[in-house]
Structures are given as structure tokens and as C-alpha cells.
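This report refers to the structure that appears directly beneath it.
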Amino acid sequence: MTDTPAQPVKFAYWVPNVSGGLVISKIEQRTSWDIDYNRKLAQIAEKAGFDYALSQIRFTAGYGADNQHESVSFTHALLAATDKLNVIAAVLPGPWHPALLAKQIATISHLTKGRVAVNVVSGWFRGEFQAIGEPWLDHDERYRRSEEFIRVVRGIWSQDNFSFNGDFYRFHEYTLKPKPLAPLPEIFQGGSSRAARDMAARVSDWYFTNGNTPDGIKAQIDDIRAKEAGTDHKAKIGVNAFAIVRDTEEEARAVLAEILEKADPDAVKGFHHEVQNAGNASPEREGNWAKSTLEDLVQYNDGFKTNLIGTPRQVAERIVALKAIGVDLVLLGFLHFQEEVEYFGKHVVPLVRELEEAAARVAVPA
């Protein structure tokens, strides 16, 4: 039996379909949430070698996100503007019923040659649920609902006369036609808590984690692999990072320093309060943001912690080091999306591919 060759690390970017950019700072961000900017960005990213884009889901304003385009319809618009890029629509169980989501994504799959995927967000912002009249469940209950949601959506996509009798969803001999194109749309999820990792080990195609050190990320991956032992399931791993790539390390570090210096302290503290509540809500107090500092939270998903800040070679080497511990995808945010995605594609992606090829040659006996 031979080992399966390692796949190239994949790249994704956060779609700025929400206003305010990806940092809670008053630094200039040459990024727009409108559709014309995002169509062009998707085309740039596709040409630059990005595999995925992730459309965000927000229902209410806060922390600079005064305007929010809905994720599924925005995802379809980006798919219509591209030829190869896969776009992931983030959705919230509760506001979305699985039958609706399954039907939306099945239709988009047919319209876009199967390039659509889903990110199931279990929910962290209690005020958002309250504002739209949705019940707010306890932490682990939210993940139990998300797991049922995933099982139901996948069942609808793969079976006729689908039945399900769960705590949150019930179906009786439901048949969806047409079903999505094969292979079925990929299902992503996020989280760092015990419940999130357990769910990933059971049902998700992909597990997204917040930014972290290599040691912190490896501990999460090892934990998921231990839970998957003895099964045929293996979730792929994606990690969040905020990339600041410049010709010199000094330039890159100066940009980070300016972001932090111009951070909006009141907005960061408000966000800190909300996400610390979410992070500490898990029984083991290990959810997303449970150990994040105010400085970490200037970037929403701890992206600075991943340390993709420096020259193209420094960043490429760190990405390949992440791959070596089991990371399959890097989800990137940028300060100025269009120009920085293009720069990343020209200067970082080729170096990553060179380093991957060199590592593969070393791994193969002469």
C-alpha cells in the first residue's frame, strides 16, 4: 500500500460582503463591500490561484459592519462572475431551515457547475439572535443543532424519501429534486471548543479554526484525529490568518503596528465582551476567542496569531510549516483586498508551490 501524495495547500479569502473590512481599526482599508468591487476581487483571486472564497453571514450591525449583504445570494453572484473559484456561503441554523438551505444550494450547484459550498456557523452573537426573534440556545446545544442540520442537509442531498426524527428537525419521506451535482457540496464548520471539534470529527468535510500558533493548531488537529480513529471520516483543516505581505519585514511589521495603533478601542472592547462570553460559554471554556487578548481581537478571528506577516518568502515558509502539521487550507484576510490578493498570487503562491515540491522530493526515497 502506498501513501496518497500530499495535496497542495489550498487558499481561500474572506469575502468582504460586510462593510468595515477585516480589522476593527481606523486605518485606511481600500476594500468595499459592494458587488462591483467583489466581482472584480473574485476574478483577481481566481487568477491569483485562490481555490475558495467565504461569504460572511451577519444579520445586524456592529463593530463597523453597518451594512451586510446576505451570504447565499451574494455567493451566487460571485460564482456567476467566475469560472473556477469555489464560493462558500456561511449560514446560521435557526434563521435557515435545512430544507430551504438544501434547495438553495442544490439549485446554485446546477447553475454554477457544482462550485458552491456551505459553512455552517453555530452562532456566537446572542444579540443578533435576539434582534431577529430567534431562540438563543446554550453553547453545546447550538452545536447539537448544527450537527443535526448537517446530517439533514446531506441526507436530503443524497436520498429520496428522506426521513429524520431529531431533537431540532423532523422530516418524513421528503424528496428533493434536482439534487446537487456530484460530488455533493462540501460542508465547512468553525469553532475551537470540545463540541466543535467533536462535531468536525463526526460529520463535517472541513474544520475551520481561528488563527493560532502552530503548536495550538496542531493540538486541535491531533485531538480531531484521535476522535476520528477507527472511522472512515477525516475532516480537512482550514486555519484563519490575516496576511500582511510586503517587500521587507520592516514594512509588514509597520503596517501591523499602525493597525493596532489606530484600533477603535470602544468597538474592540464591545466585540471583546461579546466573543469572550461566547468563548467561555463552552463547558470547558475553550471556545473561539476564550483566550484572545484585546490586541488579538482587532482582527475578528485571531488572524494576527497565525503570523503570516513579513516578506513573501517568510510567509510562504510559514504556510508550508502549517501544511506540515496538517493544515489543508489557509483562509486569508487582507487590509486592501484587491491589490493584496493580486500581490499574494504573484509573490507568495509560487513560492509555496516551490517549497511544496522541494519537500515532496525530500520525502521520496532516491
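Residues: numbered from 1 along the sequence shown. Computed over heavy atoms, backbone and side chain alike; hydrogens, waters and symmetry mates excluded.
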Q.
For His336 together with Phe344, are the ring centres under 6.0 Å from each other?
A.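 Ring centroids of Phe344 and His336 are no less than 6.0 Å from each other.
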Q.
Please tell me whether Tyr343 and Phe334 form a close aromatic pair, meaning their ring centres lie under 6.0 Å apart.
A.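 No; Phe334 has its ring centre 6.0 Å or more from that of Tyr343.
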Would you call [X] and [Y] a salt bridge, taking side-chain N to carboxylate O under 4.0 Å as the test?
| X | Y | value |
| --- | --- | --- |
| Asp83 | Arg115 | no |
| Arg225 | Asp222 | no |
| Lys179 | Asp160 | yes |
| Arg151 | Glu147 | yes |
| Arg246 | Glu340 | yes |

(Q) With side-chain contact (heavy atoms from CB on, under 4.5 Å) as the test, pick out the partner of Leu85 among Gln43, Glu46, Lys47. (A)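 Single side-chain contact (heavy atoms from CB on, under 4.5 Å) partner of Leu85 among Gln43, Glu46, Lys47: Glu46.
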**Q.** pair Trp157-Ile187: side-chain heavy atoms closer than 4.5 Å
**A.**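 Of all side-chain heavy-atom pairs linking Ile187 with Trp157, at least one is under 4.5 Å.
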Q. Below 4.5 Å, heavy atoms only, C-beta onward: do Phe337 and Tyr37 meet side chain to side chain?
A.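 They are in side-chain contact.
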(Q) For Trp206 and Tyr52, take the angle between the two ring planes, folded into 0 to 90°, and tell me which bin it lands in: parallel under 30, tilted 30 to 60, perpendicular over 60. (A)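 Because their plane-to-plane angle is over 60°, the rings of Trp206 and Tyr52 count as perpendicular.
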Q: Decide side chain to side chain contact (heavy atoms under 4.5 Å, CB included) for Phe242 and Leu256; before the verdict, give the C-alpha distance in whole Å, the side-chain angles of both, and the deciding distance to 0.1 Å.
A: CA-CA 10 Å; Phe242 191 85; Leu256 175 60; over 6 Å; no
